[in-house]
Number of protein chains: 2
Amino acid sequence: MSKPINDSTYWRDFEKNDITHSAAHYLMAIDALRGEFGYARVTDVAEMLEVSRGAASMSISQLKKRGWVAEDPHRFLLLTDEGHQMAVLVEQNFRILSKFFEEVLGVSPETALSDACKMEHLMSLETGRRLVWLMRYILSDESRAAKIHDVMSRFRPGCESVDHCPLCDGGECLTPLGEDCEYHKGAQGKAKKS
Amino acid sequence: MSKPINDSTYWRDFEKNDITHSAAHYLMAIDALRGEFGYARVTDVAEMLEVSRGAASMSISQLKKRGWVAEDPHRFLLLTDEGHQMAVLVEQNFRILSKFFEEVLGVSPETALSDACKMEHLMSLETGRRLVWLMRYILSDESRAAKIHDVMSRFRPGCESVDHCPLCDGGECLTPLGEDCEYHKGAQGKAKKS
DNA sequence: TCTCTTTGTTTAGCATAGCAAACTTATGTT
DNA sequence: AACATAAGTTTGCTATGCTAAACAAAGAGA
């Protein structure tokens, strides 16, 4: 059985991502400041993100070089079309992920927001669109949404299916730590050991 | 309306994550090499991850300092209990995410693997468990799984619900770029502009 | 034993990304 | 004009994490 996780073909995609976590938040901060106050300066961005003016200055100058940030006639910071597109994409991913975690999975708000914030800049457009699609299907129907919410509200670490796990059936075990499934606790002996 | 995405309370959680993407892959490589060949050396890890021996040497010495990697009596690399736990957690998240993306959302295999690889070390245990729980619910029932697969197989960028979006209703728009929903294209004028 | 290869470490340089502090360049007030 | 404050940049430092190259050490064969 192949183990794609150990394949070196794409593990470094992480470094080659379109945008870094930090850059995304600089863009979103500029976007938010202009939306709220009508302008954004280096100092305002630094204050919002709680970084030093020096750090903000350096990061923003890189964003200017990349063509994501410019200055308006009053020398205030401005997102270019491309920069705005990036900001909106990441904001969109954040909302999709946090809504999915909170309203579908029933994850606690703090964890949902923290997880979504970490992953927002990494989720592809394709995956994001399909996640919206799934949520649209699940949440648009009253009884379907209620059923999912009922199922997820009963979540606890511990699974009843001991004889046969319908999820991992045939494939690699999804809970090798055996934390939430009696079946996997028993099956752990079969797992690889190093 | 509050915008948690612009709140500086947790955006830097990204830096303070338990494990980095790179570290996770070093641990998983050692785990995989020992599982496959019974031993792991710096050179083997470097080869598997396609990094220089120097880079592997430096990274692994940091992992030793953190108590995640040790050496066996033959001086081969070894994961400590804590290191193994970390590796298994990340591997587990990878399998959960890639399976969800591919088998539930219907994302293309390449994108599913790439996205999962980028997010594997960032998803919390709570979110991961609940995602397994959701998949267990969706995929355990034949007709339910078939229905979801049918819905997702019809995915395309473009949404029929023009008058009313059941997903974003009342909250912030999840597709502000208006790419896959006629409703949002029309509503875009209402969105913030910077 | 001597030499060559393999293995592993170290060093210098690069990029991101932060802090603190020094410095420059406004702006604004007396 | 002179000074003080505010705003922005630059420098020296930290850390991760990579490359390339130099270097040290260990093993294997003639």
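The chains referred to below are lettered A, B, ... by the order of the sequence lines, with proteins before strands, and numbering in each begins at 1.
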Item to check | Closest-nucleotide 5' rank along DNA chain D - winner of A:G54 and B:G54 | outcome: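 So the residue in question is A:G54.
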
Checklist entry - When we call it a touch if two heavy atoms are under 4.0 Å apart, what does B:S52 touch: a base, just sugar-phosphate, or nothing? => result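 Base contact.
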
Checklist entry - Which part of the nucleic acid does B:S57 contact within heavy-atom distance under 4.0 Å: base, sugar-phosphate only, or nothing? => result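 Since a base atom lies under 4.0 Å of B:S57, the category is base.
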
Next on the checklist: Looking at B:K65, I want to see if its NZ is surrounded by more than 12 non-hydrogen atoms of other residues, nucleotides or ligands under 6.0 Å.
Outcome noted: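 Open: at most 12 neighbouring heavy atoms sit under 6.0 Å from NZ of B:K65.
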
Next on the checklist: Does A:D150 have more than 12 heavy atoms from other residues, nucleotides or ligands lying within 6.0 Å of its CG?
Outcome noted: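 Enclosed: over 12 neighbouring heavy atoms sit under 6.0 Å from CG of A:D150.
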
Item to check | Residues from residues 13-21 of chain A lying under 4.0 Å of DNA chain C - heavy atoms | outcome: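 Going residue by residue through residues 13-21 of chain A, the ones with a heavy atom under 4.0 Å of DNA chain C turn out to be A:T20.
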
Checklist entry - Can you find a heavy atom in the side chain of B:C117 that is under 4.5 Å from one in the side chain of B:E120? => result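 Yes; the side chains approach each other to less than 4.5 Å.
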
Next on the checklist: Contact between A:Y137 and B:K147 at the side-chain level, heavy atoms closer than 4.5 Å - yes or no?
Outcome noted: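 Touching, per the 4.5 Å side-chain cut-off.
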
Checklist entry - Got a sec, which residues hit ring-ring contact (aromatic ring centres under 6.0 Å, His included) with B:Y39, two or more places apart in sequence or on another chain? => result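 Testing B:Y39 for ring-ring contact (aromatic ring centres under 6.0 Å, His included), a comparison that skips the adjacent residues, returns B:F76.
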
Under 3.5 Å, N/O pairs linking protein and nucleotides 24-27 of chain D:
none

Every protein N/O within reach of nucleotides 3-6 of chain C N/O, cut-off under 3.5 Å:
none

Would you find a donor on one side and an acceptor on the other, under 3.5 Å apart, between the side chain of [X] and the backbone of [Y]?
| X | Y | answer |
| --- | --- | --- |
| A:W133 | B:V151 | yes |
| B:E126 | A:S108 | yes |
| A:W11 | B:H21 | no |
| A:S98 | A:F94 | yes |
| B:H149 | B:E103 | yes |
| A:R34 | A:L79 | no |

With a cut-off of less than 4.0 Å, is there a side-chain N or O of [X] near OP1 or OP2 of [N]?
| X | N | value |
| --- | --- | --- |
| A:Y26 | C:dG18 | yes |
| A:S59 | C:dT16 | no |
| A:S22 | C:dT16 | no |

Please report, rounded to the nearest Å, how far the [atom2] atom of [N] is from the [atom1] atom of [X].
| X | N | atom1 | atom2 | result |
| --- | --- | --- | --- | --- |
| A:E50 | C:dG18 | CD | C1' | 14 Å |
| A:E47 | C:dG18 | CD | C1' | 18 Å |
| B:M58 | D:dT19 | CE | P | 13 Å |
| A:I30 | D:dG8 | CD1 | P | 12 Å |
| A:Y39 | D:dA6 | OH | C1' | 12 Å |

Checklist entry - Taking it one step at a time, do A:M152 and A:V104 satisfy side-chain contact (heavy atoms from CB on, under 4.5 Å)? => result CA-CA 8 Å; A:M152 294 309 298; A:V104 177; 5.6 Å; no

Checklist entry - Between B:E71 and B:K64, is there a salt bridge with N-O shorter than 4.0 Å? => result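 Salt bridge: yes.
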
Checklist entry - Hey, which of B:I60, B:L27, B:V51 is the one that makes side-chain contact (heavy atoms from CB on, under 4.5 Å) with B:V45? => result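 It is B:I60; the other options fail the test.
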
Item to check | Terminal axis angle for the helix from C:dT1-D:dA30 to C:dT30-D:dA1, five pairs an end, nearest 10 degrees | outcome: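 That helix has its two terminal axes inclined by roughly 30°.
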
Checklist entry - How are the rings of A:H121 and B:F14 set relative to one another: parallel (under 30°), tilted (30 to 60°) or perpendicular (over 60°)? => result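 It falls in the perpendicular class, over 60°.
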
Item to check | Residues B:W68, B:I19; criterion side-chain contact (heavy atoms from CB on, under 4.5 Å); working and verdict | outcome: CA-CA 11 Å; B:W68 287 343; B:I19 190 168; 3.8 Å; yes

Item to check | Members of residues 60-77 of chain A that approach DNA chain D, where some heavy atom sits under 4.0 Å away | outcome: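 Residues of residues 60-77 of chain A that come under 4.0 Å of DNA chain D do not exist, since none gets that close.
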
